[in-house]
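One structure is given below, encoded as structure tokens.
As the structure is a prediction and not an experimental result, all values here were calculated from the model.
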Amino acid sequence: DICALHSSTVLDPPRRGFAVHLTQQFTSFNTYENAGNRSLPVDEWMQSSITSVVAGYGFTAPWRVEVTLPFINREYRRLKDQAIDRDDESGLGDVTMTARFTALDRVLTDDSLLRVELFAGIELPTGDTSRLEEDDGEPADESLVLGDMPERPRHGGDAGPTGIHDQDLALGSGSVDVLLGVNTFATYRRLFGTAGFQYGVRSRGAHDYRYDNDLTFYLGLGGYVLVHSPFDVAIEARLAGETKGNDEQNGETLTGSNLTALYLGPNLHATYDERLRGAVGMQIPVLQHVQELVLVPDYRILASLGWQF
């Protein structure tokens, strides 16, 4: 459940002063994916909610810094140790410190502009990592529950054929990671386009666990349906994607912890007085690829609300 840093800063011209954003990503996991084949060994599901408070300050027009505090809640139902485990995991995630630089902010003609923002961040190990502790015991025999099924590799402490593994529930990684990315915004009359990516460079963290490097990206095309000062409304069709390889723990590859996915959906943007900005969007998966049995998203809802002081 990768949650990229918010990209709404590129939609507004850079300015000095404080800004606060509240972002929300809700993801519903209720579908099994198994190397292209969908199966349902047991009724498992997870609902993941990541609420982030983002506080930033612009020192000069092109430069600003931000701190992102994510609060995570994951409610789930899964099979563990021959029994149904229904519980939730919640708390502070890994805090991120980010520097943003507007490399280009140019009016090309009377009715078009191009803006490019670069950013780099450090993700700090503030989230709870107890879920990453590996269980040294032998996997339990679940044949009485599920019948004959192929043996499953261990995934950071859980055992048996389940689509929800302990690393999926961990609030933190225990590692210091680097985030690099670009956001772009271009307009022509009432049309606009957005594009960007974020690449996460992951290091080894708690319990000798290392999440694999991950890449998230997006590409959008939209238009302003209401341009009436001081209130603007726009709609956008956005294609988003994410990809990562398998994680590692104690020198072993955890097969099945990889994911490649593409999502498509609408976004609604609204701005008041160029200081209050809100957005809400929904994303439906159009492509999902994994190597082993994994619970994958059915849909995602993203929302944000920001105020520039």
Side-chain angles (χ1 to χ4, degrees), residues 1-3 23-34 38-53 69-95 125-147 149 151-175 205-211 244 246-247 249-250 254-259 261 285 288 290 292-302:
D1 188 18
I2 303 172
C3 185
T23 69
Q24 172 70 35
Q25 177 174 301
F26 175 83
T27 308
S28 173
F29 296 81
N30 200 34
T31 301
Y32 285 96
E33 182 71 28
N34 188 7
R38 300 198 169 188
S39 56
L40 198 67
V42 69
D43 182 20
E44 294 185 317
W45 52 262
M46 181 172 68
Q47 294 181 338
S48 173
S49 174
I50 304 177
T51 304
S52 297
V53 178
L69 287 78
F71 298 91
I72 303 172
N73 177 265
R74 293 189 175 112
E75 185 179 355
Y76 63 91
R77 182 184 190 272
R78 67 170 178 169
L79 180 69
K80 184 176 177 65
D81 298 331
Q82 303 187 48
I84 294 299
D85 175 27
R86 180 169 180 173
D87 204 346
D88 68 272
E89 192 80 19
S90 60
L92 178 67
D94 288 343
V95 172
T126 55
D128 184 14
T129 62
S130 58
R131 288 282 187 173
L132 298 178
E133 186 173 2
E134 189 177 44
D135 183 3
D136 294 327
E138 292 297 322
D141 182 6
E142 297 179 350
S143 60
L144 296 178
V145 178
L146 299 175
M149 296 190 70
E151 184 179 352
R152 306 285 303 135
R154 290 188 301 177
H155 291 268
D158 54 66
T162 177
I164 304 175
H165 309 294
D166 281 347
Q167 77 268 17
D168 301 324
L169 302 174
L171 302 178
S173 64
S175 61
H207 309 293
D208 201 39
Y209 197 99
R210 180 185 178 274
Y211 287 93
K244 66 178 290 290
N246 288 310
D247 304 337
Q249 187 171 33
N250 294 330
L254 301 182
T255 306
S257 53
N258 70 306
L259 173 65
Q288 293 172 320
V290 297
E292 299 287 351
L293 181 67
V294 175
L295 206 62
V296 293
D298 297 284
Y299 64 89
R300 301 196 301 198
I301 297 176
L302 302 97

**Request:** For Asp87, check salt bridge (charged side-chain N to carboxylate O under 4.0 Å, His left out) against everything at least two apart and list the hits.
**Result:** none
**Message:** Going by the rule side-chain contact (heavy atoms from CB on, under 4.5 Å), which residues pair with Tyr299 if we only count those two or more places apart in sequence or in a different chain?
**Reply:** Phe26, Ser28, Met282, Ile284, Ile301
**Request:** Please confirm whether the backbone N or O of Tyr211 pairs with a side-chain atom of Gln167, one donor and one acceptor, at under 3.5 Å?
**Result:** no
**Item:** Thr129: side-chain hydrogen bond (donor to acceptor under 3.5 Å, both in side chains) partners, not counting sequence neighbours
**Value:** none
**Prompt:** For Tyr32 and Glu44, what are the C-alpha separation, side-chain angles and deciding distance, and is it a side-chain hydrogen bond (donor to acceptor under 3.5 Å, both in side chains)?
**Reply:** CA-CA 9 Å; Tyr32 285 96; Glu44 294 185 317; 2.6 Å; yes
**Request:** Please report the shortest heavy-atom distance between Gln24 and Ser49, naming the atom on each side.
**Result:** NE2-OG, 2.6 Å
**Prompt:** Is a donor on one side and an acceptor on the other found under 3.5 Å between the side chain of Glu89 and the backbone of Leu171?
**Reply:** no
**Item:** salt bridge (charged side-chain N to carboxylate O under 4.0 Å, His left out) partners of Asp88, counting only residues at least two apart
**Value:** none
**Pairwise side-chain contact, Ile50 with Phe71, heavy-atom cut-off 4.5 Å (strictly under)** = no
**Message:** The criterion is side-chain hydrogen bond (donor to acceptor under 3.5 Å, both in side chains); which residues satisfy it with Gln47, sequence neighbours excluded?
**Reply:** none
**Prompt:** Between the main-chain N or O of Ser173 and the side-chain N or O of Asp94, is there a donor-acceptor pair closer than 3.5 Å?
**Reply:** yes
**Message:** Restricting to side-chain contact (heavy atoms from CB on, under 4.5 Å), what partner residues turn up for Asn246, sequence neighbours left out?
**Reply:** Thr253, Ser257, Asn258, Gln291
**Message:** Measuring only between side-chain heavy atoms, which start at C-beta, is Glu75 closer than 4.5 Å to Trp45?
**Reply:** yes
